[in-house]
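Following: one structure in structure tokens, then a few remarks.
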2 protein chains.
Amino acid sequence: MADASTEFLKGTLDLMILKTLSWAPAHGYGIARWIERCTDDVLEVEEGSLYPALHKLEDEGLITAEWGITEHNRRAKFYRLTTVGKRRLASSHAYWARFAGAVSKVLETSPASA
Amino acid sequence: MADASTEFLKGTLDLMILKTLSWAPAHGYGIARWIERCTDDVLEVEEGSLYPALHKLEDEGLITAEWGITEHNRRAKFYRLTTVGKRRLASSHAYWARFAGAVSKVLETSPASA
DNA sequence: GGTATATACCTCTGAGTCCTAGGTAACGCA
DNA sequence: TGCGTTACCTAGGACTCAGAGGTATATACC
């Protein structure tokens with residue numbers, strides 16, 4: 001339970017990683033910073049969640065990794081979306097829309113419509 | 001991971017239970033059926049998730065329980081939102097809006113705005 | 001040359017959530 | 001009597017996330 005800031009994350013981290021990689025290959029650190037910046041720090045991506053998620057997505061064949069050098073001249077593992085990953089992104093994105101819409105319905109439906 | 005149908009639920013079950021009870025007291029079975037009907041079965045509420053969640057919310061003092069008789073003339077435990085529960089509902093609802101908005105931003109922002 | 005900061009990677013472990021699978025019981029109807 | 005529905009419950013395992021810790025290198029500053 002704890003505080004609200006981590007309450008709802010389940011599953012969406014994978015989805016956001018996939019989405020971020022759909023634009024261009026990126027390394028873990030960069031993915032985290034991008035998501036945080038993009039959401040004005042509403043979403044904070046912890047490394048203890050990020051790296052296991054990345055490894056899991058790689059094991060599932062949704063992304064592939066390759067060592068490279070960053071613009072800061074540092075060694076980093078660049079992840080790239082696979083074809084399977086693109087398909088998963090599309091289906092997960094669609095399901096997220098359905099899911100979020102359903103939750104909104106519950107949160108906004110008035111008792112009268114029961 | 002598994003299938004998409006249970007992918008995103010974390011935390012939102014509590015929120016939806018709280019919201020359902022904000023209209024009127026209800027029993028577990030009724031809450032589950034209402035959420036499913038309200039979302040056209042997009043969200044399926046499993047009993048193995050529902051009852052533990054209800055007990056947890058009760059332990060936290062967000063809802064209180066009382067035995068009664070349903071319209072079907074059966075014994076059932078009716079749950080009612082407490083004052084603390086109402087406050088929690090308000091803050092969780094607000095955070096859900098922030099969270100869902102942030103996820104949408106990631107899913108819809110184009111690479112150009114990076 | 002030494003140190004701090006930022007960049008970049010990783011894993012272990014605990015806490016928490018959800019589901020599967022099982023069980024109990026009573027009502028109404030055929 | 002048996003069946004379907006309503007209504008409750010828990011034990012166990014799978015999984016996810018976060019906190020805390022660790023490694024290493026480039027650059028900037030002193």
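By convention in this document, chain letters (A, B, ...) are assigned in the order of the sequence lines, proteins followed by strands, and residues within each chain are numbered from 1. A quick note: this is a predicted structure, and the numbers were derived from the prediction, not measured.
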(message) Please report the distance, rounded to the nearest Å, between CZ in A:R33 and C1' in C:dA6.
(response)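 Taking atom C1' of C:dA6 as the reference, CZ of A:R33 is at 11 Å.
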
From [options], nucleotide with atom closest to [X] side chain:
X	options	result
B:Y79	C:dC9, D:dC9, D:dC17	D:dC9
B:E46	D:dT10, C:dT20, D:dC8	C:dT20
B:K10	C:dT17, C:dC9, D:dC8	C:dT17
B:E47	C:dT20, D:dC8, C:dT17	D:dC8
B:L13	C:dT20, C:dC18, D:dC8	C:dC18

According to a strict under-4.0 Å criterion, is [X] in side-chain N/O contact with OP1 or OP2 of [N]?
X	N	answer
B:T70	D:dA7	yes
B:K77	D:dC9	yes
B:Y51	D:dC9	no
B:Y29	D:dT6	yes

(message) Counting the atoms with a prime plus P, OP1 and OP2 as sugar-phosphate, which does B:G28 contact under 4.0 Å by heavy atoms, base, sugar-phosphate, or nothing?
(response)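 The residue B:G28 makes sugar-phosphate contact but no base contact.
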
(message) If the threshold is 4.0 Å, N to carboxylate O, is there a salt bridge linking B:K105 and A:D40?
(response) yes

(message) Tell me whether B:R88 is salt-bridged to B:D14, with the criterion being a basic N under 4.0 Å from an acidic carboxylate O.
(response)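 Looking at B:R88 and B:D14, the cut-off is not met.
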
(request) Indicate for each nucleotide in nucleotides 25-30 of chain C, in 5' to 3' sequence, whether protein heavy atoms under 4.0 Å reach the base (B), only the sugar-phosphate (S), or nothing (-). (result) -BBS--

Using a 3.5 Å distance criterion without hydrogens, assess whether the side chain of [X] forms a donor-acceptor pair with backbone atoms of [Y].
X	Y	value
B:S92	B:L15	no
B:T70	B:A76	no
B:R74	B:H72	yes

(request) Quick one: list whatever passes side chain to side chain donor-acceptor pair (under 3.5 Å) with B:E36, sequence neighbours left out. (result) B:R33

